[in-house]
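These notes are about the structure you will find just below.
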Amino acid sequence: MAEPAFSISQVSTLRASFAEDVEAYAAAGAAGIGIWEMKLPPGDDAESLALVRNCGLGVTNCIPAIPSILPLPLMDGPVDPRERIEAVCASIRRLAPFEPQSVVCLTGPQGGLDDGEARRIVVDGLRRIGREAQAAGVRVGLEPIQRIGAESWTIPTTIGEAAELLDEVDDAGFGIMFDVWNLWNGATVLDDIREHAGRFTGVHVSDWREPTRGWCDRVLPGDGAADLPGILAALDEAGWRGAYDLEIFSDDGTFGNDYEGSLWRLPAQELARRGREAFTSVWQAGKEGAHV
């Protein structure tokens, strides 16, 4: 297994500022930062861009302030898909100067729409987003979301379903965002990695607490039920050479659940350090298992 590029997605240190994130991630030895637009300071982004570059961090997978085409019941934002699509396009234009590995997009859930209408809106929206991304020189990663609770987040819940949707969109600028927490319990996840890894735009890494307390209850790699070593080994064997972004959701009351042991309460530097140590441990386990 080739040595991985470890990165951290900013939601993992939700309470820290943009500048604190950059400092903490660089100090922990991360190679990159996954920018969440909601954490960018308002106004001119030149200072934020300079801060990232001066600390030697690459920019990996960026999350728009409005991340989906159809509304997300658990997050604020416009109801009209047209407004949401244009918001994603505006985010692509804003994030493009950071030269990200990808900008992440969700479909959002079907909600009260029938199957055909929801899919038509999503396909048309992705085509519009694809044109904007092409103009900005940015790749977009469509992220399939965990099947448990999917009714609040997504239409595709597997890599295969995301691939079918993108085949319908027919835009080479799109790929698939692979998230371990979302996909670890799919019956064909390892086969799907082998078949579709060439289409991946990024990899998000965290672990599944068992029993889980909800969608915002991820744990550090190796602390949960997912076969992280096996999944990371499969990604490496399938040829993935991009960054691995630690992405932790761990509600401290922000989304209505003040979980005991919330990782969002940790100082940014501690979370970054512990996250890298945890990732390195499961990576090593996967490397050793790959040679058994």
Value for CG (Leu72) from OG (Ser152), rounded to nearest 0.5 Å, stands at 9.0 Å
Would the distance check show the side chain of Glu99 and the main-chain N or O of Val59 forming a donor-acceptor pair, the cut-off being under 3.5 Å?
no
Evaluation steps, salt bridge (charged side-chain N to carboxylate O under 4.0 Å, His left out), between Glu237 and Arg194
CA-CA 8 Å; Glu237 290 165 5; Arg194 297 182 186 102; 5.4 Å; no
For the residue pair Thr154 / Arg147, report whether a side-chain donor-acceptor contact shorter than 3.5 Å exists.
no
Side chains of Asp245 and Ile8: closer than 4.5 Å at any heavy-atom pair?
no
Should Phe249 and Leu183 be regarded as members of a common hydrophobic cluster, given that ILVMFWY residues are connected when their side-chain heavy atoms come within less than 4.5 Å of each other, either directly or indirectly?
yes
Hey, mind stepping through Arg127 and Asp171 against salt bridge (charged side-chain N to carboxylate O under 4.0 Å, His left out) and telling me if it holds?
CA-CA 7 Å; Arg127 287 172 177 162; Asp171 185 330; over 6 Å; no
Is atom CD of Glu117 surrounded by more than 12 heavy atoms (other residues, nucleotides or ligands) closer than 6.0 Å?
yes
Between Ser7 and Tyr25, a side-chain donor and acceptor under 3.5 Å:
no
Main chain of Gly253, side chain of Asn257: is a donor-acceptor contact present, judged purely on distance under 3.5 Å?
no
Face-on cation placement of Arg213 at Tyr259 ring, 6.0 Å and 45° thresholds
yes
For the ring pair Phe6 and Tyr244, is the centre-to-centre distance below 6.0 Å?
no
Kindly check if the number of other-residue, nucleotide or ligand heavy atoms within 6.0 Å of CG (Asp76) is above 12?
no
Pairwise side-chain contact, Glu23 with Glu20, heavy-atom cut-off 4.5 Å (strictly under)
no
pair Pro144-Thr157: side-chain heavy atoms closer than 4.5 Å
no
Same apolar cluster (I L V M F W Y, side chains within < 4.5 Å links), Phe279/Val219:
no
Given 3.5 Å as the limit, does a donor-acceptor pair link the side chain of Gln10 with the main chain of Trp36, or not?
yes
Backbone N/O of Leu246 and side chain of Ser12: donor-acceptor pair under 3.5 Å:
yes
Evaluate the ring planes of Phe255 and Trp215, with Trp represented by its six-membered ring, and classify them as parallel (under 30°), tilted (30 to 60°) or perpendicular (over 60°).
perpendicular
Going by heavy atoms in the side chains, are Ile85 and Ile129 under 4.5 Å from each other?
yes
Passing candidate, ring-ring contact (aromatic ring centres under 6.0 Å, His included) with Phe178, options Phe200, Trp240, Trp184
Phe200
Quick one: do the Arg84 and Ser68 side chains pair a donor with an acceptor below 3.5 Å?
yes
Please confirm whether the backbone N or O of Asp236 pairs with a side-chain atom of Arg241, one donor and one acceptor, at under 3.5 Å?
yes
Donor-acceptor contact present, side-chain Asp252 to main-chain Thr254, <3.5 Å:
yes
Separation of Arg273 CZ from Leu266 CG (nearest 0.5 Å):
9.0 Å
For Glu161, what residues pass the salt bridge (Lys or Arg N to Asp or Glu O under 4.0 Å) criterion, not counting sequence neighbours?
none
May I ask you to decide if Ser48's main-chain N or O and Asp45's side chain share a donor-acceptor pair within less than 3.5 Å?
no
Under 3.5 Å: donor-acceptor pair, side chain of Lys39, backbone of Thr13
yes
Leu220 side chain reached by Ile248 side chain, heavy atoms, under 4.5 Å:
yes
Is there a side-chain contact between Pro109 and Trp153 in this structure, where contact means two heavy atoms from C-beta onward sitting under 4.5 Å apart?
no
Taking the side chain as every heavy atom from C-beta outward, state whether Val103 and Glu132 have any atom pair closer than 4.5 Å.
no
Please answer whether the main-chain N or O of Pro221 pairs with a side-chain N or O of Asp207 as donor and acceptor at a distance below 3.5 Å.
no
Quick one: are Asn182 and His204 in side-chain contact, heavy atoms under 4.5 Å?
no
Backbone N or O of Trp264 within a donor-acceptor pair of the Ser262 side chain at under 3.5 Å?
yes
Give a yes-or-no answer on whether the side chains of Glu37 and Ser91 include a donor-acceptor pair shorter than 3.5 Å.
yes
Give, for atom CG of Asp251 and atom CG of Asp217, the distance between the pair rounded to the nearest 0.5 Å.
8.5 Å
